[in-house]
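Heads up: the structure comes next, in structure tokens.
Any value given below was found using the heavy atoms of this structure, including those in side chains, with hydrogens, waters and symmetry copies removed. Residue numbers start from 1 in every chain, and the chains themselves are labelled A, B, ... in the order their sequence lines are given, proteins ahead of strands.
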Protein chains: 2
Amino acid sequence: MANIRKIAELAGVSISTVSRVLNDHPYVKEEKRKKVLNAMEQLEYTRNIHAVHLSKGYSNMIGVVLPTINIPYFAGLLEGIAEEAETSGIHLALYQTNYLLEKERYSLEQLKQRQIDGLIICSKAMPDHELMEWKETGPIVLCQSSQDPNFSSISIPHHTAFRHGLDYLISKGHRKIGIALARKKGINSHYRIKAYQDALKDIGEPYKEEWVMDNLLTMSDGETLFHKWVMLKEKPTAMFVANDQVSAGMLLEAQKHSVTIPDDLAILSCDNQEISRILGISTIEIQTKEMGKRSFTLMKKQLKGDSPEHFVLPYRLIERLTV
Amino acid sequence: MANIRKIAELAGVSISTVSRVLNDHPYVKEEKRKKVLNAMEQLEYTRNIHAVHLSKGYSNMIGVVLPTINIPYFAGLLEGIAEEAETSGIHLALYQTNYLLEKERYSLEQLKQRQIDGLIICSKAMPDHELMEWKETGPIVLCQSSQDPNFSSISIPHHTAFRHGLDYLISKGHRKIGIALARKKGINSHYRIKAYQDALKDIGEPYKEEWVMDNLLTMSDGETLFHKWVMLKEKPTAMFVANDQVSAGMLLEAQKHSVTIPDDLAILSCDNQEISRILGISTIEIQTKEMGKRSFTLMKKQLKGDSPEHFVLPYRLIERLTV
DNA sequence: CTGAAAGCGCTTACAG
DNA sequence: CTGAAAGCGCTTACAG
């Protein structure tokens, strides 16, 4: 494999000059540039990118942490991130964690070893205080609500948005409202539960643990959710579901069992993915792809030395047929 | 930032010894190992991975090329790939190409520069003869039918499977059959069209260009497809659709317009994603996640020097309610 | 505009 | 079991 030295020899210049040509530096006499270019062609030169990384001290690659790719919400985020990365000529390394702490730590370890220049965390199991220990490691962007001055963050205003949805349900006459979350533990869920409790208080309804469902991500989970609802002694008249896949599964299963939506059960969803439009599911739109793009923009800012920022994306309530 | 030399100094050993400790080599006296470990802790040492890569000549990272992440078929593949990569401790770099040739070339360029040790191509726009020019560049695995001895490949037997589906439709009494593809150009489509033509020939029906639809990927595309079908002067009684998202969109739109499935129109799909089970869509199962995993296994074999292999995954026809 | 030299931080025969 | 030395292939002040 030809290296820069061989090129220099063949072209009759110094390796400095070859490097300059390689990096499009000005101040190279056209004649020498030509010679170098020729030599590179003759020897079929390809730059060894590892040497560049070692010299420069960075890799031009950023990592993305997510629990699992094959869920529209995360696929949407990743799509946005990948689009922005592409236009910036920055590479993406993928860390699929399944919410396993060790894998999340592993990705942070990679940041430390400079395998990646920064890390975008789409969702995590790691508690905030543990993440804090990594704050000096490198730039980190969180796709979730955060006030932490050490990390950038992007999200929708979860408390406000969820409250908005709840008030909407209440305005439609519902007082018995259940909620369905992806994971109770996440920070987003934290805000949603808070909003839920606030809303209940305002209408003087008690908080019932059994009306807060969780561990729901897929359409199948939505089917399960429906049956859980069926089994409930006292049933909510409305469910506020944290993701469209689950809502869709629940809706379709309800229809199969001749439960009328929204009369027997109202469903309000989150995300506004394609399927919710097609099935006519009322939902709170979250622009996942846009969120992915913004997260990358925030990362780029941090990479060039800016301090972390917190960005809040707008949401909107889309009325359709399930409430 | 502490480097290996600093560690050596502090521990009172040579850098060779430090390196040995770092790489778990045998033949290091326990006492010295301890000293080195201590020194590393004191100086908060982190290995510079770029130096390792430069020295070793490889990066422990492989690239994945796909047109767009946010489509269940590709997300499924990627999920499988990521799972296997994780257990092998190999990193993944993502190249979202949108079927743009320049981006596909870019990913191959990265392979050449050793940014990645190998490339898994989930789907591509690049014609085979152009890809051929890159055969010396490094290990490449294709997730599509291929006999090319230069690349490994994994796929289902597209011709056989598609023919199987067609014969199934025919056995149900259909003779007017249309097909709906993602992209006419791909190699998979090539085999499918071939199978389609063969089947038509066998039952003595003519091949009609207007019954071969393409550019169909999403549920929205499925809605569009339904309306195209409606506008057709002469209508197929059955559509064989190459992906579940499109089938789902078509089915739901048909139901909205009181077109009875399968009586007015039969739909046979491909993939067997969750949604096809839930909507009761008859489909040909393709194990995308498994395919992703296998593609990675093939890659690993090539990385350790084995010659390329071609692996064919089984498929199965799942009868449900739409045929 | 150009080159010699130092530096990035590791790995790996080789000799002992 | 251990160390000195060469090597991986670039980049980047510095001096001219």
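- Shown here for A/His50 and B/Tyr58, the closest heavy-atom pair between the two residues is NE2-C, 4.0 Å.
- Residue B/Asn48 places no side-chain N or O under 4.0 Å from the OP1 or OP2 atom of C/dG9.
- Contact annotation: B/Lys32 reaches the phosphate of D/dT2 (side-chain N/O to OP1 or OP2, under 4.0 Å).
- Note on A/Asn23: a side-chain N or O is less than 4.0 Å away from OP1 or OP2 of D/dT11.
- Taking the nucleotide of DNA chain D with the nearest heavy atom to each of A/Asn3 and A/His25, the more 5' of the two is matched to A/Asn3.
- Here A/Tyr58 lies out of heavy-atom contact (under 4.0 Å) with every strand.
- Base-pair partner of D/dA4: not found among the strands shown (Watson-Crick or G-U wobble, both distances under 3.5 Å).
- Nucleotide C/dA13 is matched to nothing when pairs are restricted to Watson-Crick or G-U wobble geometry with both distances under 3.5 angstrom.
- Atom P of nucleotide C/dT2 and atom CD of A/Glu31 are separated by 8 Å, given to the nearest angstrom.
- At the phosphate of C/dC10, neither OP1 nor OP2 sits under 4.0 Å from any side-chain N or O atom of B/Ser19.
- A/Ser19 places a side-chain heavy atom less than 4.5 Å from the side chain of A/Ile4.
- Note on A/Ile15: a base of the nucleic acid sits closer than 4.0 angstrom, heavy atoms only.
- The distance from atom CZ of B/Arg5 to atom P of C/dA6 is 14 Å, rounded to the nearest whole Å.
- Residues A/Arg183 and A/Ser123 have side chains in contact (heavy-atom distance under 4.5 Å, counting atoms from C-beta outward).
- Atom pair A/Tyr45:OH and D/dG9:P shows a separation of 9 Å (rounding to whole Å applied).
- The nearest heavy atom of DNA chain D to A/Arg20 and to A/Ile4 marks one nucleotide each, and the one closer to the 5' end goes with A/Ile4.
- Across A/Pro308 and A/Pro149, no two heavy atoms sit closer than the pair CG-O, 3.3 Å.
- Relative to the side chain of A/Ser16, the nucleotides C/dG9, D/dT12, C/dC10 differ in distance, and D/dT12 lies closest.
- For A/Val52, the listed nucleotide lying nearest its side chain is D/dT11; candidates were D/dT11, C/dG9, C/dA13.
- An OP1 or OP2 oxygen of D/dT12 is reached within less than 4.0 angstrom by no side-chain nitrogen or oxygen of A/Tyr27.
- At least one donor-acceptor pair closer than 3.5 Å links the side chain of B/Asp117 to the backbone N or O of B/Ser59.
- Remark: the separation of the C1' atoms in C/dT12 and C/dG16 is 16 Å, to the nearest Å.
- Side-chain nitrogen and oxygen atoms of B/Ser55 include none within less than 4.0 Å of the OP1 or OP2 phosphate oxygen of C/dC10.
- Spacing between atom CG of B/Leu54 and atom P of C/dT12 amounts to 12 Å, rounded to whole angstrom units.
- Look at A/Arg33 and A/Glu30 and you find a salt bridge, because one of the NZ, NE, NH1 or NH2 atoms lies within 4.0 Å of a carboxylate O, short of that distance.
- Among the protein residues, B/Arg47 comes within range of the sugar-phosphate backbone only, with heavy atoms under 4.0 Å from sugar or phosphate atoms but none that close to a base.
- Regarding A/Ile7, its CD1 atom lies at a distance of 17 Å from the C1' atom of C/dG3, rounded to whole Å.
- Counting any heavy atom pair closer than 4.0 Å across all strands shown, B/Thr17 reaches sugar-phosphate atoms only and no base atom.
- Between the side chain of A/Arg114 and the base of C/dG9, no donor-acceptor pair of N or O atoms lies under 3.5 Å.
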